[in-house]
Each structure stands twice: as C-alpha cells, then as structure tokens.
Amino acid sequence: MISFAIIGWGHIARKHKEAIDVVEGARLVAVSDLNPERLKELAPFPEIKKFTDLNVMLAEAPEVDVVCICTPSGLHAAHAIAAIRAGKHVIIEKPVALSLHDAEAIREAASLYGAKVAVVHPNRFRPAIRKLKLALDQGLFGKLSHVNATVRWNRAQAYYDQASWRGTKEMDGGVLLNQAVHSLDLLEWLVGPVTGVKSMVDTRIRKMEAEDTALAVLRFDTGVLGVVEATTAIYDKNLEETISIFGEHGYAVIGGPTANWFKQLRSSYLSESECEAWIQEIESDPYGEPGHRSIIRDMVAAVCDNREPIVPLHEGIRAMKLALDISSNGTSPALIANGGDFYAVKDAATIRGV
C-alpha cells in the first residue's frame with residue numbers, strides 16, 4: 001500500500017483524492033492547507049490527518065510515501081523540494097514551475113535524494129491521443145510536414161478575479177503555462193523536441209498580468225514545422241481544443257471542446273473502413289479512465305517496481321520550457337537570439353541561476 005498526502009486543498013486536489021480513493025494500492029493519509037476552513041471539508045474522513053503547515057505534516061506523518069503538489073504554480077518548487085528532502089516522492093500539478101531556475105532546483109533535489117517525480121499531464125492518457133501516438137509510432141502518416149495545436153477556450157474575468165495570484169507571472173502564468181501547456185506537452189510527446197520558436201503574445205481581453213492570447217510557429221528537431229494558437233479570451237465558453245498531424249501518407253485531427261474525438265483520420269496504409277473503425281472505437285469511449293487516476297496508478301507502480309513514472313520530471317520541464325520560450329518573444333535569458341529569426345533553445349542544465 002502506497003500512502004499519499006496532498007498539499008493545497010482546492011479544486012484540483014479533489015481530483016487527486018478521487019483518484020487515490022479508487023486506485024488499488026493507494027491510500028490518502030494526510031492533507032495540508034494553510035487555510036483551516038478548507039480542511040473542514042475533510043471532517044467526514046477522520047482517517048486523513050489534517051495540517052496547516054507542510055513541514056509539520058512531513059514530520060508528523062512519516063508514513064507518507066508520495067506527496068501531491070496542488071498549490072499555486074509559483075509555490076510548486078518550494079513545496080516539492082521540501083517533500084523530496086523529507087524522503088518523499090512527488091506528483092506535481094502542471095506546470096512543474098514558473099521558471100527554469102525553480103525547475104532545475106527540483107531536478108537537482110530529486111537526483112540528490114533519489115525521488116521519483118511525476119508531472120500531471122493527464123491528456124496523454126486520452127484514448128484518441130494514445131491511438132494517435134500508436135499511429136505515429138507505426139509510421140502510418142509517413143514523413144510529417146507540419147502539426148498544429150489550438151486551444152480556443154474561455155476563462156471569464158471572474159476566473160482571474162477569484163484570487164489575487166490568478167493570472168500573475170509570479171504565481172500563476174497565463175494561457176501558455178496554465179492551459180496550453182498540456183497541448184505543448186502533447187506536441188513534443190508525439191513529434192519530438194522543439195528546437196526553434198517564433199512567437200507573438202499579448203494580453204488582449206482579460207485584466208491580468210500574464211498573456212491571454214499567444215501565437216507561435218515551431219520547428220521540431222526532425223524538421224517538422226508546427227503552429228500553436230492559444231487563448232482564454234474566447235466568448236463565452238470553450239470553443240475547441242485541437243491537435244492536428246499532417247504527413248505525406250495521411251493526416252489526423254483530434255478535436256472537440258477538449259481534444260477527445262477524431263474529427264478526421266486518413267492514411268494510405270489504412271482502408272476507409274479501418275479508419276472509420278478507429279473513429280468509432282474512440283466515439284464509444286472518448287474519455288477513458290480519468291487522467292488523474294492514470295497518473296496515481298502509474299506512481300503506485302513506479303514506486304513498487306522502482307522505475308521512472310510515465311510522465312517524468314524532465315518531460316514536464318520540457319513542456320514548461322516551451323511555454324516560457326513562446327511567452328518570452330525571444331527575450332528570455334534561456335534562449336540564444338538568432339537575428340530575430342528562429343532561435344535555438346539551450347538545454348536547461350546550462351542556464352542555472354536564470
């Protein structure tokens with residue numbers, strides 16, 4: 001039995017608890033939140049220890065094996081490192097952190113203490129995405145020309161006004177780090193690392209510090225080109241999330257309000273009936289197992305089998321880094337400017353101290 005604790009009791013933490021409750025071999029033994037009023041929600045669960053101080057929890061709940069970090073993004077590094085130093089493995093909600101300096105500090109702590117670190121990118125477990133990954137691994141689209149990720153969502157002003165840290169660069173980030181980072185992770189998981197970026201970002205509609213709209217053109221290390229469009233300023237509800245892949249022998253478009261359905265699928269290696277069968281297979285179960293359950297289940301197995309999690313820390317950092325690269329417009333110290341054209345991206349390990 002692997003014992004879990006959660007730090008930060010809010011909306012996303014409830015998803016972690018639900019997942020821990022149903023995953024075999026997992027149990028929730030402790031929760032920490034600075035606000036004691038929030039912890040009252042857990043009163044019906046006397047078996048869960050409640051704390052208002054993370055360090056006290058780590059000291060007084062030694063049975064904890066894994067800590068789920070569900071606090072605002074700007075606090076991820078401090079909380080993850082405290083848990084790692086206490087001998088715990090950690091699951092970190094996206095994004096890993098809001099700076100490469102903080103991400104590297106987590107990586108160094110994990111390496112020093114031998115901690116397993118998983119990052120919550122649950123979209124990888126969607127049935128349509130996993131089917132697309134299989135098709136790409138089998139080369140069913142041939143040589144790729146370009147790919148596209150679109151996030152056209154709505155986050156009303158009330159969303160950003162609900163807490164003072166929402167939409168800030170120090171604690172939250174904008175559409176790239178907060179929403180589109182999942183699509184950025186998918187692009188790099190499906191196609192490979194990005195080596196070049198050109199972008200324009202702005203805060204067009206919402207009253208917030210970080211960006212609400214971003215456009216970017218990417219070049220992957222394989223030569224594939226990519227386009228990213230991300231916004232939380234769509235009126236007046238989520239419109240679409242789309243992942244598109246185009247190649248010499250076919251194409252796939254996964255879309256809907258969230259990217260859960262094959263909207264288009266063609267391949268010269270598949271008959272029309274085979275393509276339709278794939279589409280219908282996903283239609284019958286577009287959501288599959290909730291992604292947080294897959295993340296928790298995988299961490300239980302990773303600890304028991306002493307292996308790396310399926311969504312490891314370095315891949316979470318990669319997606320976070322791409323979001324920073326796009327949002328910086330080429331001004332980040334993490335980038336090497338190249339005459340205003342495509343710029344190369346340094347490996348994060350070379351830029352400690354940024």
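Everything quoted here is computed from the prediction, not taken from an experiment.
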**OP:** Start with the C-alpha gap between E315 and R124, add the side-chain angles, then the distance that decides, and say whether salt bridge (Lys or Arg N to Asp or Glu O under 4.0 Å) holds.
**Re:** CA-CA 12 Å; E315 292 186 9; R124 292 192 187 190; 2.6 Å; yes
**OP:** For side chain to side chain donor-acceptor pair (under 3.5 Å), just list the numbers for R219 and T195, CA-CA rounded to whole Å, side-chain angles, deciding distance to a tenth of an Å, and then say yes or no.
**Re:** CA-CA 6 Å; R219 186 186 298 278; T195 56; 6.0 Å; no
**OP:** Test salt bridge (Lys or Arg N to Asp or Glu O under 4.0 Å) on R126 and E241 and set out the steps.
**Re:** CA-CA 13 Å; R126 292 174 176 173; E241 178 188 14; 3.2 Å; yes
Original post:
Step by step, would you call K17 with D21 a side chain to side chain contact (heavy atoms under 4.5 Å, CB included)?
Top reply: CA-CA 6 Å; K17 180 181 182 302; D21 287 345; 2.7 Å; yes
**OP:** Check step by step if side chain to side chain contact (heavy atoms under 4.5 Å, CB included) holds for L190 and K133.
**Re:** CA-CA 6 Å; L190 293 168; K133 174 66 170 174; 3.9 Å; yes
Subject >> Derivation and outcome, side chain to side chain contact (heavy atoms under 4.5 Å, CB included), residues T232 and Y159 >> reply: CA-CA 10 Å; T232 52; Y159 170 85; over 6 Å; no
**OP:** Tell me, with the steps shown, if L28 and F45 meet side chain to side chain contact (heavy atoms under 4.5 Å, CB included).
**Re:** CA-CA 10 Å; L28 181 61; F45 306 99; over 6 Å; no
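Applying the side chain to side chain contact (heavy atoms under 4.5 Å, CB included) rule to K40 yields the partners E37; only residues at least two apart in sequence or on another chain are considered.
For the side chain to side chain contact (heavy atoms under 4.5 Å, CB included) criterion with I7, the lone passing option out of L75, V31, V67 is V67. Each of V147, L184, L322 was compared with V228 under the side chain to side chain contact (heavy atoms under 4.5 Å, CB included) criterion, and only L184 meets it.
No donor-acceptor pair closer than 3.5 Å links the side chain of R307 to the backbone N or O of V303. Remark: side-chain polar atoms of E229 are not paired, donor with acceptor, to backbone N or O of R152 under 3.5 angstrom. Of the possible donor and acceptor atoms, none in the side chain of N154 sits under 3.5 Å from a partner among the backbone N and O of N238. Between the S3 side chain and the D65 main chain, no donor and acceptor come within less than 3.5 Å of each other. With K207 contributing its side chain and Q157 its backbone, the two residues share no donor-acceptor pair below 3.5 Å. Panel note: side chain R206, backbone R155; a donor-acceptor pair is recorded below 3.5 Å. Checking side-chain atoms of H249 against main-chain N and O of G142 turns up no donor-acceptor pair under 3.5 Å. Listed for the Q264 side chain is no donor-acceptor partner under 3.5 Å among the backbone atoms of V253. In this structure a side-chain-to-backbone donor-acceptor pair under 3.5 Å is present from E211 to V175.
Taking every heavy atom of both residues into account, I81 and A105 meet most closely at CD1-CB, 3.7 Å. Taking every heavy atom of both residues into account, M320 and P95 meet most closely at CG-CB, 4.3 Å. Nearest heavy atoms, P44 versus P46: O-CD, 3.2 Å. Here the closest heavy-atom approach between residue G256 and residue K263 is recorded as N-CE, 3.7 Å. Of all heavy-atom pairs spanning V119 and G316, the tightest one is CG2-CA, 3.9 Å. Across every non-hydrogen atom of H16 and V120, the tightest pair is CE1-CG2, 4.0 Å.
E93 places a side-chain heavy atom less than 4.5 Å from the side chain of H292. The closest side-chain heavy-atom distance from H76 to D102 is not below 4.5 Å. Between L132 and I254 the shortest side-chain heavy-atom distance falls below 4.5 Å. Counting heavy atoms from C-beta on, the side chains of V117 and V96 never come closer than 4.5 Å. Considering only heavy atoms from C-beta on, V311 stays 4.5 Å or farther from W189 through its side chain. The shortest distance between side-chain heavy atoms of H146 and V227 does not fall below 4.5 Å. Using a 4.5 Å heavy-atom threshold, the side chains of L218 and I326 count as touching. When side chains are defined from C-beta on, V29 does not count as touching K49, because their heavy atoms never get closer than 4.5 Å.
Side-chain polar atoms of Q179 and W153 form no donor-acceptor pair below 3.5 angstrom. With 3.5 Å as the limit, one finds a donor-acceptor pair spanning the side chains of S271 and S273. Side-chain polar atoms of N178 and D172 form a donor-acceptor pair below 3.5 angstrom.
The structure places CD1 of I205 at 7.0 Å from OG1 of T213, a figure rounded to the nearest 0.5 Å. Considering NE2 of H121 and NE2 of H182, their distance stands at 6.5 Å, rounded to 0.5 Å. To the nearest 0.5 angstrom, L140 atom CG is 12.5 Å from I245 atom CD1. Separation of atoms CG (L215) and CG (D202) is listed at 10.0 Å; rounding is to 0.5 Å. The distance from the CG atom of N123 to the CG atom of L186 is 5.5 Å, given to the nearest 0.5 Å. With values rounded to the nearest 0.5 angstrom, L54 atom CG is found 6.0 Å from H79 atom NE2.
V191 and V151 fall into different hydrophobic clusters, where Ile, Leu, Val, Met, Phe, Trp and Tyr are joined by side-chain heavy atoms under 4.5 Å apart, directly or via other members.
Crowding of L134 atom CG: a count of heavy atoms from other residues, nucleotides or ligands under 6.0 Å exceeding 12.
The aromatic ring centroids of Y160 and W165 lie 6.0 Å or more from each other.
Between W278 and F262, the angle of the ring planes lies from 30° to 60°, which puts this pair in the tilted group. The aromatic rings of W261 and Y287 stand perpendicular to each other, their planes meeting at an angle above 60°, with 30° marking the opposite boundary.
Under the 4.0 Å criterion applied to side-chain N and carboxylate O atoms, E281 and K131 are assigned as salt-bridge partners.
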